[in-house]
There are 2 protein chains.
Amino acid sequence: MATATGVQRAHDHIKTLLVHTPILTSSTIDGLVGCKVLFKSEHLQKTGSFKARGAVHNMKIVTERGTKGVITHSSGNHGQAVAWAARAAGVGCTVVVPEGAPAAKLAAIEGYGARIVRCENTPASRASTCSSLAEAEGLDEIHPCYSIDTIEGQGSLGLELKEQLSSVPPIFIAVGGGGLASGIALALPDTPLYLVEPEEKKLTQQIDGSEEVQQLSLPTIADGIRTRVVGPENKRILAESKNIHVITVSEAEIRAAMVLIWTRLKQHVEPTAAVPLAGLIKLSSQSPSLPFQEAIVILCGGNVDVSFTL
Amino acid sequence: MATATGVQRAHDHIKTLLVHTPILTSSTIDGLVGCKVLFKSEHLQKTGSFKARGAVHNMKIVTERGTKGVITHSSGNHGQAVAWAARAAGVGCTVVVPEGAPAAKLAAIEGYGARIVRCENTPASRASTCSSLAEAEGLDEIHPCYSIDTIEGQGSLGLELKEQLSSVPPIFIAVGGGGLASGIALALPDTPLYLVEPEEKKLTQQIDGSEEVQQLSLPTIADGIRTRVVGPENKRILAESKNIHVITVSEAEIRAAMVLIWTRLKQHVEPTAAVPLAGLIKLSSQSPSLPFQEAIVILCGGNVDVSFTL
Ligand SMILES: Cc1ncc(COP(=O)(O)O)c(C=O)c1O
Ligand SMILES: Cc1ncc(COP(=O)(O)O)c(C=O)c1O
């Protein structure tokens with residue numbers, strides 16, 4: 001079971017190895033949204049996303065136990081993060097990548113010296129390619145979002161916010177498999193969390209258990225959160241958390257938020273990183289006034305091909 | 001005559017009103033270039049470029065003297081900066097804008113409440129439209145790069161670097177009319193300055209006086225530095241400076257630098273801001289080792305349409 005103590009232990013190690021990412025602001029965006037927006041800049045994290053947190057923590061766990069090498073499957077950010085962390089830890093690394101993954105992400109994974117193995121672009125093919133190779137070669141699988149170690153590693157972001165701010169306001173988080181959201185929920189049990197999802201994800205129903213959804217790749221430009229299913233451990237943590245809210249955003253709302261981040265904050269983030277701001281803007285447009293004066297928006301990643309256009 | 005004392009006076013006022021812009025780094029870019037690169041982030045300055053410095057200083061000068069309003073011509077950044085500074089100072093503002101200027105820049109100028117007057121996209125039409133309106137309405141013209149007040153205002157960037165760093169390494173600067181370069185030359189007379197120009201500008205010949213060039217709009221993607229001619233006062237300052245070097249970069253070199261800044265530094269800058277890095281990379285590729293361990297690269301602006309592609 002992932003725990004707050006586990007997150008603290010992960011954080012104590014992670015913070016010695018990774019960037020303490022800055023918090024950026026834009027008075028223009030504050031004016032538009034109607035509250036002070038603190039952009040936690042994980043796109044400036046090592047490897048360009050918060051995924052470096054979980055990756056570094058997993059490397060610590062497997063090297064302490066002894067390992068023949070690690071393997072993972074990822075459309076990109078997790079793959080980069082694991083490849084980088086494995087090299088830093090002197091551990092061999094294999095990344096299973098679906099056809100169609102962005103070229104910039106693949107180039108980065110290879111740049112970190114990992115072996116790339118391609119598979120079909122379906123969740124089933126990714127998982128099976130990865131687990132059969134792991135078994136054949138005796139490799140440790142590093143899960144992008146569902147495992148206890150990954151959840152506890154991502155949670156270090158919450159503890160870092162606590163160290164940076166005298167009090168932590170509500171946080172807006174993009175949710176894929178739920179590793180980041182559940183890690184932060186463990187780290188900051190008293191902080192309101194706004195989980196922002198693309199359409200058709202049914203996050204509320206997944207968390208309250210009213211519907212068992214099928215795994216599929218959601219048709220969103222936010223390629224970091226195309227995974228639909230929130231894992232069992234992630235669901236348990238989110239279901240037990242107080243202060244959880246879900247906001248669903250459309251593709252147009254994601255694009256509009258991305259324009260603001262590129263042109264006003266001048267940060268070159270990937271589409272997934274625009275999802276939390278899209279959620280905040282939606283909330284702000286639906287209510288006459290927001291229930292808080294300040295909010296944290298997590299810019300979760302910055303890995304986007306230069307050829308990407310809005 | 002623009003002087004170091006004038007720059008100091010300008011800086012003392014400017015620093016109370018503008019952002020002290022951060023210095024960003026990327027270990028990947030350091031590795032590629034072969035030295036530590038300090039990115040002075042003026043794209044995070046008010047209005048998205050260093051032009052806010054000269055604009056704020058000019059407003060101080062005209063309001064002390066008494067003014068009926070200001071007017072300027074600009075393809076964008078200077079226009080935005082003057083519009084913003086004028087509104088902040090409670091002064092009316094007119095901006096003459098050539099046909100074809102990027103939509104994002106025009107929208108920003110109007111957003112700051114300035115009146116926009118269009119003209120043909122030739123240097124001659126811009127200058128004459130501006131000066132005849134200035135005369136007819138009794139407005140003060142704010143020159144984007146050639147005037148003493150503008151030069152002294154831009155120079156505050158040099159003094160800010162001196163306050164941020166224990167010692168200031170060589171600086172790479174994009175040159176249009178030469179306001180920024182000459183201001184920094186006054187502020188930091190002992191610092192090596194690498195002036196980076198697009199092709200066909202003939203900056204060396206302009207500074208050493210060996211050739212009188214025609215004004216024209218240079219055919220470069222770096223739209224902030226299409227102005228070819230360096231002004232007389234700017235030329236005088238640069239000619240008298242020791243430690244001035246000129247590097248010419250191609251369009252492909254500018255694009256390659258821009259890809260690095262977008263994908264590695266994750267900063268959404270405009271093409272002109274990639275010119276200094278292009279110059280540093282060129283220098284590094286031409287010599288077995290660089291004559292310095294550290295360099296400053298000025299990210300001079302961040303105003304680029306979302307539709308812009310590389
Ligand atoms: C940039 C980015 N943001 C958010 C997420 C979602 O994280 P999680 O799967 O932990 O919910 C991912 C996952 O890949 C990502 O790459
Ligand atoms: C972003 C940017 N960089 C550089 C310059 C060049 O400045 P200067 O004309 O002072 O040489 C400009 C001028 O508009 C600019 O907008």
Side-chain angles (χ1 to χ4, degrees), chain A residues 18-19 21-29 31-32 39 41-50 52 76-77 80 84 88 102-108 111-112 255-271 273-274 299-310, chain B residues 18-19 21-29 31-32 39 41-49 52 76-77 80 84 88 102-108 111-112 254-271 273-274 299-310:
Chain A
L18 294 184
V19 177
T21 56
I23 290 173
L24 303 175
T25 60
S26 154
S27 49
T28 309
I29 295 178
L32 281 168
F39 290 95
S41 295
E42 286 289 301
H43 66 301
L44 304 179
Q45 187 50 274
K46 288 283 171 202
T47 76
S49 84
F50 74 90
N77 284 331
Q80 281 188 57
W84 176 83
K105 296 189 177 185
L106 293 192
Y112 296 130
R255 282 174 207 275
M258 193 158 172
V259 169
L260 285 177
I261 296 168
W262 278 21
T263 62
R264 297 304 177 153
L265 204 62
K266 316 284 186 202
Q267 299 302 297
H268 199 68
V269 300
E270 61 183 271
L299 297 179
C300 36
N303 295 319
V304 54
D305 281 3
V306 267
S307 59
F308 177 88
T309 45
L310 275 163
Chain B
L18 294 183
V19 177
T21 56
I23 290 173
L24 303 176
T25 59
S26 153
S27 50
T28 310
I29 295 179
L32 282 169
F39 290 95
S41 296
E42 286 289 303
H43 65 302
L44 305 178
Q45 186 51 272
K46 288 283 172 200
T47 77
S49 83
N77 284 331
Q80 281 188 57
W84 176 83
K105 297 190 177 184
L106 294 193
Y112 297 130
I254 297 171
R255 281 174 208 275
M258 194 156 171
V259 169
L260 285 177
I261 296 168
W262 278 21
T263 64
R264 297 302 177 153
L265 204 61
K266 317 284 187 201
Q267 299 302 297
H268 198 68
V269 300
E270 61 182 90
L299 297 179
C300 37
N303 294 318
V304 55
D305 281 4
V306 266
S307 58
F308 178 88
T309 46
L310 273 165

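None of the values given here were measured: they were computed from a predicted structure. Residue numbering restarts at 1 for every chain, and letters A, B, ... go by the order of the sequence lines.
Taking the six-membered ring where tryptophan is involved, the planes of A/W262 and B/W262 are tilted, since the angle between them lies from 30° to 60°.
Rounding to the nearest 0.5 Å places OG1 of A/T25 at 9.5 Å from CG of B/L44. From A/T28, atom OG1 reaches atom NZ of B/K46 across 7.5 Å, with rounding to the nearest 0.5 Å. A distance of 11.0 Å separates CD of A/Q267 from NZ of B/K266, quoted to the nearest 0.5 Å.
Residue contact with chain B, scored on non-hydrogen atoms closer than 4.5 Å, involves the side chain of A/S27 exclusively. Within the 4.5 angstrom heavy-atom criterion, no atom of B/V269 approaches chain A. Residue A/N303 touches chain B through both its backbone and its side chain, counting heavy-atom pairs closer than 4.5 Å. Using a 4.5 Å cut-off between heavy atoms, A/L265 touches chain B through its backbone atoms (N, CA, C, O) alone.
The residue among A/S26, A/G302, A/S307, A/G111 with the most heavy atom pairs within less than 4.5 Å of chain B is A/G302.
B/T309 approaches A/T309 most closely through the heavy-atom pair CG2-CG2, 2.8 Å. Summarising the geometry of A/V304 relative to B/T263, their closest heavy-atom pair is O-CG2, 4.2 Å, with the distance given to 0.1 Å.
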